[in-house]
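The structure is given below, and queries will be raised subsequently.
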Amino acid sequence: MSTRITLDPITRIEGHLRIDVEVNGGKVSNAWSSAQMWRGIEVILKGRPPEDAWSFAQRFCGVCTTVHAISSIRSVEHALKVEVPLNAQYIRNIMIAQHSVQDHIVHFYHLSALDWVDIVSALKADPKKTAQVAQSISDWPGNSEKEFKAVQDKLKSFVAGGKLGIFASGYWGHPAMKLPPEVNLLAVAHYLKALDYQRKAAQAVAILGGKNPHVQNLVVGGVATAINMENLATLNMERLVYLKTLMEETRDFVQKVYYPDMLAIASAYKDWFKYGAGVTNYLAVPEFPEDTRNTKFALNGGIITAGNLAAMRPVKDHHDEYLINNVKESVAHAWYEGTSSLHPWEGETKPNYTDFKENEKYSWCKAPRLDGKPVQVGPPAQIFAAYAAGNPKVKKLVDSANSTIGIGMKDYHSTMGRLLARAQRAHLMADISLDNLDKLIANIASGDKVYANHTEIPKGEYRGVGFHEAPRGTLSHWIVIKNRKIENYQAVVPSTWNASPRDEKGALGPYEASLVGNPVAQADKPLEVLRTVHSFDPCIACAVHAIDPEGKEITKVKVL
Ligand code: NFE
Ligand code: MG
């Protein structure tokens with residue numbers, strides 16, 4: 001007999017997501033992903049000046065704010081063939097890398113760790129043994145018995161007072177929770193520490209961007225971060241040194257706390273490398289430009305079909321014609337008029353809400369497809385592309401993790417693979433941030449003080465696309481400019497690719513496909529479903545860019 005479970009809303013994500021699964025014999029046999037909010041910012045952008053687009057577009061989301069500003073400004077620069085001075089590229093690179101560091105720390109500890117870590121079990125831990133475990137996997141100075149004891153005492157007082165607060169109503173004691181009490185206490189302590197370190201990364205973004213979330217320092221053709229080493233200006237030596245200190249602290253947290261914790265959790269839950277593969281076509285674009293025309297990058301991009309790394313098709317730059325020509329968004333099962341599948345430059349956003357109809361329309365999320373196929377985006381795609389291209393830094397990091405855990409590249413097509421690849425990406429981002437800071441300082445020292453190429457929007461018609469490899473994967477903003485105004489604007493966002501509903505051919509989107517085959521031990525506590533959905537780090541504001549529609553009351557499972 002099959003059981004239908006509706007999880008609505010899924011929590012510990014951004015936005016409003018409903019997931020429906022059918023469970024047969026303790027396994028998921030079918031799944032639907034339904035984005036439950038609509039914003040319509042693509043519509044708001046029409047008719048506005050292209051030079052303002054980035055400032056509106058980054059309001060798609062309050063989580064990955066910087067990324068929409070970057071993609072948007074790149075779309076205008078691409079349309080008008082504007083080069084970006086090196087100082088501006090380095091400043092943008094530091095902002096986006098630090099944004100990723102912040103985003104990945106929050107995802108691991110605050111949004112997904114509690115799917116694997118049993119808070120209540122941490123009460124039974126011996127803090128001394130916890131310190132021994134922690135010190136055996138990392139030399140981070142914060143891992144002391146005193147620290148772990150203090151966290152446990154705090155937790156005990158919460159529980160004694162009946163106030164678990166943010167930790168209330170979790171699936172504590174669930175049979176799928178497997179960590180020993182000592183590791184659970186370690187993770188709870190780091191959960192709390194992570195709050196401080198994510199803030200430091202956000203501060204680094206704000207130093208350069210003027211504000212976080214939502215940076216203020218972009219202009220078409222560069223940045224508006226004035227460089228003046230002699231006087232007090234936006235960016236002087238004092239600010240650069242402070243930035244470096246913050247970025248070194250977060251690097252140490254990522255590499256000596258987050259990364260070892262990730263390896264420990266992956267080793268304890270090795271069975272989760274078997275579940276959650278779903279769509280094994282992947283896309284990543286290259287990121288962290290090192291020239292003025294977006295043709296040379298620190299991290300590789302590529303297209304992988306049916307999980308075949310050996311046949312990876314590199315995406316060498318942000319002008320890749322195959323990629324530009326082969327993206328389409330289907331609305332066959334999405335709450336928009338018609339059943340079309342359109343290229344983003346011809347894309348339409350005409351809402352048509354019908355309520356949840358599983359065989360017809362059931363989501364606000366469009367279904368992007370590459371060459372007609374569903375594609376998974378996100379950290380595994382970037383790790384696969386860079387690994388297959390032989391990127392030495394990526395290979396070294398990944399090979400070492402694989403030998404520690406006892407896995408191979410094929411294991412990354414999974415729920416745990418997604419978490420591991422994200423931690424690897426965070427590890428790389430922490431170094432890339434500091435590397436770009438060194439490059440910025442060296443470039444300024446060489447006498448280059450240019451931070452923008454002044455750009456006027458010309459008359460006529462132009463089309464552009466701005467690619468960016470965001471924390472959740474490949475982001476693209478598509479713009480059509482006509483007579484100095486935005487004629488059309490479409491964003492195809494990482495969570496749109498991954499949260500997408502079925503397309504006109506009935507092919508499941510990545511969330512949906514990844515759930516099929518997942519175990520579910522207790523239908524009223526579908527922890528395993530959450531593990532897989534959370535592994536993508538969903539962001540529905542991005543995916544649908546909310547008016548909450550008046551949803552009908554449905555059978556709900558309360559989830560943490
Ligand atoms: Ni709103 Fe986002 C990222 C973008 S969505 S979080 O990363 O773009 O997937
Ligand atoms: Mg869109």
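Because only heavy atoms are used, hydrogens play no part in the values below, and waters and symmetry mates are left out as well, while side chains stay in. Every number for a ligand or one of its atoms is a count from 1 in the order of the listing.
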For this session: Would you check if the Mg ion (ligand 2) lies under 2.8 Å from any N, O or S atom of Glu329?
Result: no
Problem set entry | Minimum-distance atom from the Mg ion (ligand 2) among N, O or S atoms of Glu42 | OE2
Problem set entry | Proximal protein heteroatoms (N, O or S) of atom 2 (Fe) of ligand 1, under 2.8 Å | Cys64 SG
For this session: Using side-chain contact (heavy atoms from CB on, under 4.5 Å) as the criterion, point out the one residue from Leu419, Ile265, Thr415 that pairs with Trp272.
Result: Thr415
For this session: Determine whether the side chains of Thr6 and Asp20 contain a donor N or O and an acceptor N or O closer than 3.5 Å.
Result: yes
For this session: May I ask you to establish whether Arg74 and Phe467 are in a cation-pi arrangement, using a distance under 6.0 Å from NZ or CZ to the six-membered ring centre and at most 45° from the ring axis?
Result: no
Problem set entry | the Mg ion (ligand 2) contact by Ala491, N, O or S atom under 2.8 Å | yes
Exercise. If you measure only the distance, is there a donor-acceptor pair under 3.5 Å linking the side chains of Ser341 and Arg369?
Worked result: no
For this session: Ignoring hydrogens and angles, state whether a donor on the side chain of Ser75 or Trp478 is under 3.5 Å from an acceptor on the partner side chain.
Result: no
For this session: Return the orientation label for the His477 and His68 ring planes: parallel under 30°, perpendicular over 60°, tilted otherwise.
Result: tilted
For this session: Using the ring of Phe253 (Phe, Tyr or Trp, six-membered ring only), decide whether Lys193 places NZ or CZ under 6.0 Å from its centre and within 45 degrees of its axis.
Result: no
